[in-house]
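First up is the structure itself, then whatever we jot down about it.
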Amino acid sequence: SQKIEQNSEALNIQEGKTATLTCNYTNYSPAYLQWYRQDPGRGPVFLLLIRENEKEKRKERLKVTFDTTLKQSLFHITASQPADSATYLCALGEGQAGTALIFGKGTTLSVSS
Amino acid sequence: DGGITQSPKYLFRKEGQNVTLSCEQNLNHDAMYWYRQDPGQGLRLIYYSQIVNDFQKGDIAEGYSVSREKKESFPLTVTSAQKNPTAFYLCASRGLLHYGYTFGSGTRLTVV
């Protein structure tokens with residue numbers, strides 16, 4: 001069966017450390033993978049996209065890797081801050097831009113000061 | 001400012017009633033989507049539309065209906081046939097040249 005798994009429902013880290021979130025998938029062939037941030041009671045906000053032929057993408061303190069052999073994406077937040085506390089969702093896209101994304105259940109990150 | 005607006009933010013419905021959730025965008029995006037979010041379940045796709053007057057069922061379309069008469073608007077009707085409608089409903093849009101979704105702020109529907 002097809003699955004997207006974000007391996008931790010919750011992750012607690014101290015301010016200044018690097019947070020690493022994992023997204024694994026089974027029986028999908030994604031053309032790209034995206035990461036979103038969601039705050040309680042709000043809609044998700046797009047953060048980063050990485051395509052199947054890209055190994056790594058960076059945006060400020062964020063870094064995403066994509067390993068199609070391992071069927072895994074890692075999402076890193078360096079020098080984490082309490083304001084980074086939120087739920088982070090990964091999403092797969094299998095086709096062209098108009099087709100629908102498939103979302104994981106999310107990992108809730110808590111950064112303590 | 002360009003964006004996507006969902007209304008109302010909170011909605012209460014009696015069992016047996018149909019309700020319609022509004023979703024409007026002024027981003028000139030072609031594709032629009034409806035997802036449902038339940039605690040511990042993640043986002044599940046209800047319907048999506050890539051162009052006006054066309055839409056496709058998602059994984060959990062039963063008990064829902066949509067229309068796409070205008071590019072800007074993609075309303076979702078939750079019918080009385082939906083057995084467990086209490087949930088947080090999210091609408092999103094995407095332009096054809098940009099792969100990231102823009103989400104609305106959601107509508108929380110409660111059946112009373």
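Residue numbers start from 1 in every chain, and the chains themselves are labelled A, B, ... in the order their sequence lines are given, proteins ahead of strands.
- Interface residue B/L45: only side-chain heavy atoms are found under 4.5 Å from chain A.
- Residues B/Y48 and A/A100 come closest through the heavy atom pair CD2-CB, 4.1 Å.
- Other residues, nucleotides and ligands contribute over 12 non-hydrogen atoms within 6.0 Å of the CZ atom of B/R44.
- For residues 80-91 of chain B, heavy-atom neighbours of chain A at less than 4.5 Å comprise B/F88, B/L90, sorted by residue number.
- With a threshold of 4.5 angstrom between heavy atoms, B/Q37 approaches chain A through side-chain atoms but not through N, CA, C or O.
- Residue A/W35 is grouped with residue A/I13 when hydrophobic side chains (ILVMFWY) are merged at heavy-atom distances under 4.5 angstrom, including chains of intermediate members.
- Hydrophobic cluster membership differs between A/I50 and A/L74, with clusters built from Ile, Leu, Val, Met, Phe, Trp and Tyr side chains linked at under 4.5 angstrom.
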- Task: Please report the C-alpha distance between B/F103 and A/F46 in whole Å, then the side-chain angles of each, then the deciding distance to 0.1 Å, and finally whether the side chain to side chain contact (heavy atoms under 4.5 Å, CB included) criterion is met.
- Result: CA-CA 9 Å; B/F103 279 90; A/F46 171 74; over 6 Å; no
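- The cluster map of Ile, Leu, Val, Met, Phe, Trp and Tyr, joined by side-chain heavy atoms under 4.5 Å apart, puts B/L11 and B/V112 in different clusters.
- Residues B/I46 and B/V78 fall within the same hydrophobic cluster, defined by Ile, Leu, Val, Met, Phe, Trp and Tyr side chains chained together at heavy-atom separations under 4.5 Å.
- For A/E56, the CD atom sits in a packed shell: over 12 heavy atoms of surrounding residues, nucleotides or ligands are nearer than 6.0 Å.
- Between B/Y35 and A/F103, the distance separating the two ring centers is shorter than 6.0 angstrom.
- Applying the disulfide (SG to SG under 2.5 Å) test to pairs two or more places apart or on separate chains, none has a residue in residues 28-66 of chain A.
- A single hydrophobic cluster is not seen to contain both B/I60 and B/Y101; linkage of ILVMFWY side chains at heavy-atom distances under 4.5 Å, directly or through other members, places them apart.
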- Item | Verdict with supporting geometry, B/Y99 and A/Y32, ring-ring contact (aromatic ring centres under 6.0 Å, His included) | CA-CA 9 Å; B/Y99 283 62; A/Y32 53 91; 4.7 Å; yes
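- Within 6.0 Å of CD in B/Q41 there are more than 12 heavy atoms belonging to other residues, nucleotides or ligands.
- Interface residue A/L101: backbone and side-chain heavy atoms are both found under 4.5 Å from chain B.
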